[in-house]
Amino acid sequence: MKIIAREIPPRAAWALEQAGVHPLLARLYAARGIRAKEELDDALARLLPPDTLKGAREAAALLADAIAQDKRLAIVADYDCDGATACAVGVRGLRLLGARHVQYLVPDRVVDGYGLTASIARRVAQQGADVLITVDNGIASVEGVAEAKALGLAVLVTDHHLPGPQLPAADAIVNPNQPGCGFESKAMAGVGVMFYVLMQLRAELRARGRFDQASQPRLEPLLPLVALGTVADVVRLDNNNRRLVAQGLKRMRAGQMQPGIRALFDAAGRKAQAATTFDFGFALGPRINAAGRLADMTLGIECLLTDDDAHADQLARQLDAINRERRELEGGMREQALLLAESLFDEGEDPPPAISVFDPDFHEGVVGIVASRLKDKLHRPSFVFATSGAPGREHELKGSGRSIAGFHLRDALDLVAKRHPGVILKFGGHAMAAGCTVAAEHFAAFEQAFAQVAQEWLDAATLTRRLETDGPLAPEYCRAELVDQLHREVWGQGFAPPTFSEEVQVLSQRLVGEARNHLSLKLLHQGRPVDAIWFGHTEQLPERALLAFRLDVNEWRGERRVQFLVEGVQL
């Protein structure tokens, strides 16, 4: 591992500090591209205008007409947290704005696969819907949209994924990544796109005289859902996304959230009044995702839709139980996947440029998490495959991949598909996460072709694990109240949480935890003693070590003390 300190533009840091930003925060923000205090303004008025999002006006007109004509609307969701929150925002928002008939349908990960398929379109039509709305999917559903249109449905696609070579023939498409869209924020999650459609719909209804500025329905209560889905989908937190997340966090901390979100905080043992983006990514998000991985995402969506506290608590407990099952399943799969990956290279050698593993006992609902763990462990683009559980598809393998910086996963799959026609049956995704389906007989061909692309695209520098940090931490900043302030800020993908690095003296170290798999440390940091812990690591450190660490507060018997959470070591 190579630990590298971010560049901190001195003029930007100085300007932020002069504008009243805390000196440490000024340094952190400047290193993340913030140049002026105005960029930190998270007021709703500073959100990008919805009418600058291509297709939003057409979508608003379509929905306004449907509401005026009392038509039946059906949302086709996705089975991850972004899809679940987008569905809940869509259902709640459309009802707020006057739609009387709003239902939803969520595909089954195993049976239906991803996106709006022709069979799902037929199910929507059979349920009597007039308008089909996709959330967090649909941009690649050419056949599904064609089938829906043939059945007489109006179709609105809201999505954020990268489009393929052909766009579906929907009545309206809202996606910041579609060709010709000049919207500044290309990183919005699916839930953010749906929220923007609702904002434009409200403006359209206001223009039609349905209500005025004073009497219009408030959409702000939906922002906790928007914040949760945005962070859980690990999209880049650009200025616009950070505003959406900040607004959602403020409402949660003030106790203003849906009963399901409150119940998920309780089930996770977290405090909503001290909510952080960490809670979204590592506590609430995984509990909702678990339903889509191992059960039925309807559970997650119903938890976010119900206004009954008791029912929300019951559903949150179910989701918590499913998440515990997911963790157990993942643990066994992770160990087996690592053994398979390590069999690809000899001890002492570097891993191959890309990793692809398959085991007949793997569960397809968890392959993405395991691929992420492999990628983290070996610092290689990694794919994990499982046998499809869909009836009649037992000859197919469904894979999920995670990538490292500098390797665009979806583009790599596209190149494999072009070089080896027939090996990949279908694929899609982003730069850092993607999925594909291959015939079982072609797994070896995929493994070789994927590794070949990685061999061509990746160099030694990219294959070296690099950990960017914010450099040394001044001792005067090791205060619990300052750590609390850091935790309250909006951090996430593309706006990394503060991580510091410097050489410290290791005074003592011991293994702790039930499995003795965490390293507890006592360090001397710039002449001051400090406790630290390195979760999931057992290797002993030398007397002096260059550590990368985050800050946390350990509370014991009423005393709050700063501790370091070790992220990595450069030996």
Side-chain angles (χ1 to χ4, degrees), residues 78-84 106-114 232-234 264 267-270 279-303 314-343 355-378 380 382-391 393-394 396-402 429 433-438 440 443 513-518 535-536:
D78 186 29
Y79 38 68
D80 68 357
C81 186
D82 185 20
V106 58
D108 183 285
R109 181 188 291 268
V110 173
V111 177
D112 297 310
Y114 172 77
D233 211 45
V234 203
L264 286 167
R270 313 289 294 186
D279 293 322
F280 298 163
F282 296 94
L284 277 65
R287 282 166 172 78
I288 295 174
N289 278 328
R293 295 185 188 283
L294 300 186
D296 180 358
M297 185 47 95
T298 302
L299 276 174
I301 295 172
E302 283 300 311
C303 184
Q314 177 194 351
L315 292 170
R317 285 195 297 272
Q318 282 183 260
L319 293 169
D320 186 58
I322 296 168
N323 191 51
R324 286 198 297 273
E325 180 188 349
R326 186 272 304 168
R327 281 202 297 260
E328 291 177 11
L329 181 62
E330 177 204 330
M333 277 179 58
R334 184 177 64 243
E335 290 179 14
Q336 177 62 10
L338 188 57
L339 287 173
L340 290 169
E342 290 176 339
S343 72
I355 304 288
S356 301
V357 297
F358 160 68
D359 188 289
D361 292 330
F362 283 173
H363 189 294
E364 65 180 280
V366 190
V367 288
I369 301 177
V370 176
S372 182
R373 303 291 187 261
L374 267 190
K375 180 266 298 181
D376 290 343
K377 181 79 173 177
L378 300 174
R380 295 294 187 269
S382 300
F383 256 96
V384 177
F385 286 85
T387 304
S388 173
R393 301 270 184 181
E394 295 81 3
E396 294 179 357
L397 305 182
K398 297 180 78 171
S400 188
R402 299 294 183 269
C436 68
T437 302
V438 303
F443 171 72
E514 286 184 19
R516 294 177 60 77
N517 60 340
H518 308 309
F535 289 112

Quick one: are Ser356 and Phe443 in side-chain contact, heavy atoms under 4.5 Å? yes
Within a strict 4.5 Å, meaning less than it, do heavy atoms of the Glu364 and Thr387 side chains meet? no
With side chain to side chain contact (heavy atoms under 4.5 Å, CB included) as the test, pick out the partner of Phe358 among Val367, Leu397, Val438. Leu397
Give, for atom CG of Leu329 and atom CZ of Phe362, the distance between the pair rounded to the nearest 0.5 Å. 10.0 Å
Give me the atom names and distance for the closest heavy-atom approach of Thr437 to Lys398. OG1-CG, 4.1 Å
Rounding to 0.5 Å, atoms CG (Leu319) and CZ (Arg324) come to a distance of 11.0 Å
Atom pair CG (Asp320) and CZ (Arg326), whose distance is rounded to the nearest 0.5 Å: 10.5 Å
How many angstroms lie between atom CG of Leu340 and atom CG of Leu374, to the nearest 0.5 angstrom? 9.0 Å
Can you measure from CZ (Arg287) to CG (Leu315) and round to the nearest 0.5 angstrom? 14.5 Å
Applying ring pair (Phe, Tyr, Trp, His ring centres under 6.0 Å), can you list everything that pairs with His363, at least two apart in sequence or on another chain? none
With heavy-atom distances below 4.5 Å as the criterion, would you say the side chains of Leu294 and Val366 are in contact? yes
Of all heavy-atom pairs linking Glu330 and Arg373, the shortest is OE2-NE, 2.9 Å
Show the nearest heavy-atom pair for residues Ala232 and Cys81, with the distance to one decimal. CB-SG, 3.6 Å
Looking only at heavy atoms, what is the nearest atom pair of Gly368 and Ser400, with distance? CA-OG, 3.3 Å
Could you give the distance from CG (Leu338) to CG (Leu378), rounded to the nearest 0.5 Å? 6.0 Å
For the student: nearest non-hydrogen atoms of Met297 and Tyr79, plus distance: CE-O, 3.2 Å
May I ask you to test the Arg334-Lys377 pair for a side-chain heavy-atom distance under 4.5 Å? no
Using every non-hydrogen atom in the two residues, find where His518 and Phe535 come nearest and quote the distance to one decimal. ND1-CA, 3.5 Å
Do Ile322 and Leu299 have side chains that approach each other closer than 4.5 Å (heavy atoms only, starting at C-beta)? yes
May I ask you to test the Arg293-Ile369 pair for a side-chain heavy-atom distance under 4.5 Å? yes
